[in-house]
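Structure record follows, encoded as structure tokens.
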Amino acid sequence: MKKYLQIVYGALLGVLVIVQSATAESEFQKVMQKRGLSEKDALAALKVYNPSGKHDEYYAFVSGGQSGQVMVYGIPSMRILKYIAVFAPEPWQGYGFDTDSKEILRQGNIRGREINWGDTHHPALSESDGKYDGKYLFINDKANARIAVIDLKYFETSQIVVNPIFKSSHGGAFVTPNTDYILESCQYAAPFTNDYYPMEAYEEVYRGGVTFWKFDKKNGKISQQDSFTLELPPYMQDLTDAGKGISDGWAFTNSFNSELYTGGIEKGLPPFEAGCSRNDMDYLHVYNWKKLAELVKDDKNVKVINGHRVIPIEIAVKNNALFLIPENKSPHGVDVNPDGQYIIVSGKLDTHASVYDFKKILKQIENKEFASKDSYGIPILDIKKSLHGQLELGLGHLHNTFGKEDGTIYSSLYVDSQVVKWNYKQLKLLDRTNIHYNVGHLEAMEGKSADPQGEYLIALNKLSIDRFLPVGPLHPQNNQLIDIGGKKMELLVDMPVPLGEPHQAASIRASKIHTEVRYNMGTNSKTLKPHVGKTLAGQERIERKGNHVYIYSTMVRSHINPEHITLNKGDKVTMYITNLERAQDETHGFTIDHHNIHASVEPGESVQLDFVADIEGVFPYYCTEFCSALHIEMLGYMLVKDPNKDYGWIQKTKIKGLSKEELQKEYEKILANNEATNSVIDSLFKFFEDRGYAKYPTVKNLVDDAKDQYTKIDSEREKATKAYNEKNLENAVLFENMVWQYMIKTADSAIRAKDLLVTNLATKKSAGAKKGEEVFHEGGCSGCHVVGRVSSGPDLIGVLKRHRNAEKWVAEYIKNPESKFKEPYMERLIKFFNLKMPNQNMKDEEIKDIIEYFKWIDENADLF
Ligand code: K7E
Ligand code: CUA
């Protein structure tokens with residue numbers, strides 16, 4: 001136990017320490033005991049814990065199910081980073097509440113109807129050569145057959161496309177190895193047109209299919225006119241995967257209704273679930289998308305339905321581009337292995353997983369060696385000749401993800417509630433682990449790419465039953481993290497997901513994602529072009545064209561310009577807001593009360609709000625992000641009057657001000673105050689210049705922001721002086737106050753920059769100095785001593801030079817302060833500070849470390 005804890009503690013510090021085992025061990029044990037944790041728990045905690053500021057190794061993009069969103073969290077910490085709004089309005093991001101994002105959301109309208117939710121299932125990352133490139137994310141909406149594009153530079157939805165002929169789609173989004181196409185297979189068969197056909201027309205008119213959405217990687221958009229669909233029989237296609245490596249150019253889709261069953265429980269007929277699983281076999285669809293992409297170029301190979309090109313079954317068959325292979329009934333996941341030779345089909349109703357060998361499939365196709373044909377004329381390959389083999393895994397095999405070692409695959413067992421690790425080449429079971437209830441998808445790191453990374457696996461469970469504090473009948477979902485780095489899988493932690501069913505996840509190494517932190521000034525974040533309403537400082541204005549009022553406004557710490565907007569009831573309003581900030585994370589939010597509008601305006605972004613001022617009244621508007629110390633003061637008033645009413649009776653009150661003398665005093669006071677603040681700022685700026693701050697990008701950003709704030713002082717000062725000369729003392733004071741506000745904003749960024757620069761420049765602390773610093777703070781020394789200046793106690797810079805044999809002297813003094821009070825130097829200090837240093841009962845070891853810390857301070861004295 002003792003040894004074990006030493007190792008654990010050593011790992012925690014990241015260094016080999018000869019543990020002060022007595023303290024470390026007992027602290028560790030105390031906490032474990034108090035929280036009822038086992039050694040295994042403690043180890044799991046170490047594997048997932050991120051101390052403040054430490055980033056995760058991977059991003060996980062997880063479908064938000066019925067929320068219509070995508071959830072982003074970090075692995076291994078499982079900390080949620082963002083919900084990206086996709087198919088549903090999301091107020092924090094302003095998504096669906098400002099005009100520009102509404103335009104994206106409304107791209108998802110179907111037959112003129114607004115759809116405000118989605119059932120997201122399968123996120124897919126863009127690929128180059130089958131590997132994740134970190135540029136885009138795609139997600140499907142099963143309920144409404146839509147696909148969305150998310151730009152990973154901004155983590156924002158940039159496009160939604162509606163499938164023109166499918167009524168539902170489950171098998172999307174899956175991408176081809178260079179993201180030429182995003183594949184979306186239909187689920188519930190229906191007529192491709194929008195007409196009524198009775199269920200009796202199922203075989204004749206109802207159809208399934210796969211849509212190939214053409215993606216333009218350069219501009220990050222799906223080109224709808226270059227996209228097309230392969231018509232398929234109404235077999236209820238399920239999931240899909242694109243080939244890669246030797247199967248590049250092909251794709252695979254399974255299905256669950258080879259029976260062509262049409263239900264009718266209310267008529268006394270067996271329900272769908274019975275009819276669709278009567279046969280022992282369903283069909284794996286195998287098709288050559290590269291060939292189809294060639295065929296579609298010739299008009300005679302396509303029929304156009306709802307303005308969309310469709311390749312009929314017979315054309316695909318005639319051109320050797322479409323085949324079927326039997327698969328055990330009602331399968332679920334289909335996954336192509338990293339080199340593209342094997343296709344693993346999950347059993348679901350069968351205890352076996354089936355491994356198909358693409359080489360064997362291709363051989364039969366090339367030899368035109370077919371077992372039979374289905375009723376639509378599609379050639380059927382022999383299953384035995386196509387299989388590499390099968391392996392019994394357990395009950396309810398739903399999905400697969402690939403491991404790092406050649407041949408390893410992890411599969412989910414929904415009914416058994418297990419994850420199994422096996423080898424699909426050798427058809428050998430390797431390991432299995434129990435997880436919590438009903439796992440659906442699972443994702444090992446980059447596990448569906450051509451370059452799986454292993455390390456961790458997440459199990460996306462449907463039920464959470466007893467795992468978390470109860471929150472009523474609707475439970476959260478449960479995502480579980482499993483360590484797959486060792487020989488045995490180890491369950492590490494549960495994460496409740498309060499969003500929607502987490503079907504599929506896609507993970508990517510964090511270093512592959514490169515995001516922006518700001519927009520070029522005046523950018524429309526949805527088009528990434530300059531916004532028509534771009535407004536720079538000084539260009540704020542209100543323009544009226546008939547009853548349409550255009551407001552060009554800006555937001556910057558800590559005011560909205562304009563602050564008064566007076567309208568007539570019935571005015572149409574277009575309000576443009578530009579966030580003038582350049583500083584990272586200086587977002588402003590904007591709302592006008594009672595108008596159901598909200599915008600999140602990121603640094604540099606311009607947004608547009610459209611609404612009708614259709615109710616009379618007084619409506620405060622304000623910034624909804626706590627953006628600075630004066631955030632609450634960031635407000636304005638929209639005043640809507642009824643043009644048919646007479647408001648002449650209203651008395652305008654005048655506020656009684658200060659006397660002239662009082663104002664003069666006020667003015668002098670604030671001038672002096674500003675001068676003092678300015679000299680602090682000067683010394684900060686000098687510090688930056690002297691230390692070459694520009695070499696450190698984050699520091700530079702902060703300093704730039706500080707300077708940016710500082711430049712705003714001149715014009716305010718001018719206004720103050722002008723007002724003063726015009727004897728308008730009241731305004732002179734207020735404008736000088738504005739000067740002070742900008743100084744505070746300058747100092748705010750500058751002080752953060754200085755702290756960061758000091759951390760960058762200082763010499764590395766020894767282990768002792770690090771501990772000494774901790775002890776210094778924890779022991780209460782920092783209550784009186786501030787490094788770099790005299791506080792309630794003396795500055796500690798140079799403390800080791802102030803005494804002869806100083807290390808020994810200081811050590812003795814900390815240990816027993818009273819012993820030195822009588823020394824003449826100390827007598828003078830005590831008198832000066834009117835304070836005696838208390839005995840903090842430091843241990844010898846701690847005192848030694850504090851001295852180390854003092855040495856470090858002296859080494860870096862010029863930085864404080
Ligand atoms: Cu939930 Cu991939 Cu839509 Cu299986 S699917 S679980
Ligand atoms: Cu801007 Cu609060």
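Small disclaimer: the values here were computed from a predicted structure and weren't measured. Every number for a ligand or one of its atoms is a count from 1 in the order of the listing. Position 1 is the first residue of the sequence, and the numbers go up from there.
Within the coordination shell of atom 2 (Cu) of ligand 1, defined by N, O or S atoms under 2.8 Å, His122 is present. At least one N/O/S atom of His121, from backbone or side chain, sits under 2.8 Å from atom 3 (Cu) of ligand 1. None of the N, O or S atoms belonging to His441 lies under 2.8 Å away from atom 3 (Cu) of ligand 1.
Below 30°, between 30° and 60°, or above 60°: for Tyr283 and Tyr235 the angle between ring planes is between 30° and 60°, a tilted geometry.
Taking a cutoff of 4.0 Å between a charged side-chain nitrogen and a carboxylate oxygen, Arg557 and Asp705 qualify as a salt bridge.
With respect to atom 1 (Cu) of ligand 1, His503 has ND1 as its nearest N, O or S atom.
Here atom 6 (S) of ligand 1 lies nearest to Lys462 when heavy atoms of Gln504, Lys462, His170, Lys142 are compared.
When each atom of ligand 1 is checked for a heavy atom of His399 under 4.0 Å away, the hits are 2 (Cu), 4 (Cu), 5 (S), 6 (S).
Other residues, nucleotides and ligands place no more than 12 heavy atoms under 6.0 Å from the CG atom of Asn520. The number of heavy atoms from other shown groups lying within 6.0 Å of CG (Asp585) does not exceed 12.
Taking the ring centre of Tyr742 as origin, the terminal cationic atom of Lys745 falls inside the region bounded by 6.0 Å and 45° from the ring axis.
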